[in-house]
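Below: one structure, written as structure tokens.
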Amino acid sequence: MSPETHRPNTKVRIRFSKLGKIRFTSHRDVARIWERALRRATVPVAYTEGFSPHPKLSFGLALSTGHESLGEYLDVDIAAAAAASVDIQELPARLDPCLPIGLDVQAAAEIEPGTPSLQQAVTSCTWHIEVNGLGPAELADRVSRCLERDSLVVTRERKGHEVTDDLRPAILTLTTEATAVTAELATQPRGVRPIELVALLATEAGDELAEGRVRRLHQWLSIDGARTEPLPLPSAATSRPPTQRDLSDVRPTGAECSAVPTG
């Protein structure tokens, strides 16, 4: 067997945002959108072997339908035989026109073989959560009372069974601004979802509150005691709120997906 057979694939991590109307697209549908975009941009993605091969893509933590994000991640295996033809620095410009409005590629970089999967590596996420049903002063009071508690025990369902969890250790930071909170919530060993945090704030007074707009701001790794993002946002990239043009269903004139030769 020739040495070519044993050459490893090149692993690339892609960072992208999900803003505007596309937030109502499910995680599974976003995965399909990415498969299609990679094909349209003629990126030579590696495929699994076997009777039903599929592209070697690995997504980070699933984002709930209806939530936005300033930093989502996708790991892609580039086929070893064609890896030399791919300019990784040019991938954002190559992929962006092939994606629908609201999914914007911010960065791409090669990662080392054996890098832990995003599912395993991300230890916490920072969220901006609008809370409907409270004024600024009352929300600040609820947050203060929540943080003063030693434990916040809830009953929730896991794999068809009711389990009791203490969510207080998973609330790492929690601050308010007007009628919204910014929270860093742990993902391991037991995570807290934004909707669960809002429910905890409601139970402080026994009323009902609802999520407004929810946006994931950061996903965090812990490496040698230091907190970092899976792929930091380059200074040239932007992570602004969506404009009215972003919320439309048409890309600006001139942004067309064109096939790029791969060698």
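Leu118 approaches Pro230 most closely through the heavy-atom pair CD2-CB, 3.7 Å. Between Ala183 and Leu174 the shortest heavy-atom distance is CB-CD1, 3.6 Å. Taking both residues in full, the closest heavy atoms of Ala178 and Leu139 are given as O-CD2, 3.8 Å, listed atom of the first, atom of the second, then distance. His67 approaches Pro194 most closely through the heavy-atom pair CE1-CG, 4.2 Å. The two atoms that bring Gly212 and Asn132 nearest to each other are CA-ND2, 3.5 Å, heavy atoms only. A pairwise comparison of heavy atoms in Cys146 and Leu201 identifies CB-CD2, 4.2 Å as the closest pair.
Val131 has its side chain out of reach of Glu211: every pair of non-hydrogen atoms, C-beta onward, lies at least 4.5 Å apart. Side-chain atoms of Leu61 and Thr187, non-hydrogen and from C-beta on, do get closer than 4.5 Å to each other. In this structure the side chain of Val12 reaches within 4.5 angstrom of the side chain of Ile88, judged on heavy atoms. Taking 4.5 Å as the limit, every side-chain heavy atom of Tyr73 sits out of range of all side-chain heavy atoms of Val122. Leu152 has its side chain within reach of Ile171: a pair of non-hydrogen atoms, C-beta onward, lies under 4.5 Å apart. Side-chain contact check for Leu95 versus Val43: some heavy-atom pair is nearer than 4.5 Å. In this structure, the side chains of Leu57 and Val45 come closer than 4.5 Å at one or more pairs of heavy atoms. Residues Val76 and Lys11 are not in side-chain contact: their nearest non-hydrogen atoms beyond the backbone lie 4.5 Å or more apart.
Side-chain atoms of Thr182 and Trp127 include no donor-acceptor pair closer than 3.5 Å. In this model, a donor atom of one side chain and an acceptor atom of the other lie less than 3.5 Å apart for Ser124 and Glu184. Between the side chains of Thr115 and Glu112, no donor-acceptor pair of N or O atoms lies under 3.5 Å.
Here CH2 of Trp220 is found 11.5 Å from CD1 of Ile223. Values are rounded to the nearest 0.5 Å. Between atom NE2 of residue His218 and atom NE2 of residue His128 there is a gap of 11.5 Å, rounded to the nearest 0.5 Å. If you take NZ on Lys18 and CZ on Arg216, they are separated by 9.5 Å, rounding to the nearest 0.5 Å. Here CD of Gln219 is found 11.0 Å from CG of Leu70. Values are rounded to the nearest 0.5 Å. Annotation: the span from Ser17 atom OG to Gln106 atom CD amounts to 4.5 Å, rounded to 0.5 Å. For the atom pair Ile195 CD1 and Ile129 CD1, the distance stands at 10.5 Å (nearest 0.5 Å).
Side-chain atoms of Arg213 never come within 3.5 Å of backbone atoms of Glu130 as a donor-acceptor pair (strictly under, hydrogens ignored). Asp166 contributes no side-chain N or O that, together with a main-chain N or O of Ser151, makes up a donor-acceptor pair within less than 3.5 Å. Ser26 contributes a side-chain N or O that, together with a main-chain N or O of Asp29, makes up a donor-acceptor pair within less than 3.5 Å. Side-chain N or O atoms of Glu196 include one that pairs as donor or acceptor with a backbone N or O of Arg193 at under 3.5 Å. Side-chain atoms of Asp165 do not come within 3.5 Å of backbone N or O of Leu167 as any donor-acceptor pair. In this structure a side-chain-to-backbone donor-acceptor pair under 3.5 Å is present from Arg23 to Gly20. Not one N or O on the side chain of Arg15 forms a donor-acceptor pair closer than 3.5 Å with the backbone of Val105. With Asn9 contributing its side chain and Ala80 its backbone, the two residues share a donor-acceptor pair below 3.5 Å.
Ionic pairing of Arg145 and Glu148 is not present here: no N-O contact between side-chain nitrogen and carboxylate oxygen is shorter than 4.0 angstrom. A salt bridge does not link Arg13 to Glu110: none of the charged side-chain nitrogens sits closer than 4.0 Å to a carboxylate oxygen.
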| request: Verify side chain to side chain contact (heavy atoms under 4.5 Å, CB included) between Leu172 and Leu185, making sure each step is shown before the conclusion. | output: CA-CA 6 Å; Leu172 305 180; Leu185 305 177; over 6 Å; no
(request) Evaluate the criterion side chain to side chain contact (heavy atoms under 4.5 Å, CB included) for residue pair Leu99 and Asp104; output intermediate values, then yes/no. (result) CA-CA 7 Å; Leu99 292 163; Asp104 293 292; over 6 Å; no
Go through the steps to decide whether Glu72 and Ile14 satisfy the test side chain to side chain contact (heavy atoms under 4.5 Å, CB included), and finish with yes or no.
CA-CA 8 Å; Glu72 295 300 289; Ile14 296 171; over 6 Å; no
Take His54 and Tyr47 through the ring pair (Phe, Tyr, Trp, His ring centres under 6.0 Å) test and state the conclusion after the steps. CA-CA 5 Å; His54 57 273; Tyr47 277 72; 8.1 Å; no
Problem - Residues Val181, Val143; criterion side chain to side chain contact (heavy atoms under 4.5 Å, CB included); working and verdict - result: CA-CA 9 Å; Val181 299; Val143 165; 3.9 Å; yes
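The 12-atom threshold is exceeded at CD of Glu35, counting heavy atoms of other residues, nucleotides or ligands nearer than 6.0 Å. Within a 6.0 Å radius of CZ in Arg168, more than 12 heavy atoms belonging to other residues, nucleotides or ligands are found.
Cluster membership for Leu217 and Leu19, using ILVMFWY side-chain heavy atoms within less than 4.5 angstrom, is shared. Residues Leu147 and Val154 share a hydrophobic cluster, clusters being chains of Ile/Leu/Val/Met/Phe/Trp/Tyr side chains in contact below 4.5 Å. Tracing side-chain contacts under 4.5 Å through hydrophobic residues (I, L, V, M, F, W, Y), one reaches Phe59 starting from Leu38; they form part of the same cluster. In this structure, Leu231 is not a member of the same hydrophobic cluster as Leu103, with clusters built from ILVMFWY side-chain heavy atoms closer than 4.5 Å. Hydrophobic clustering of Ile, Leu, Val, Met, Phe, Trp and Tyr side chains at less than 4.5 Å, counting indirect connections, unites Leu63 with Leu197.
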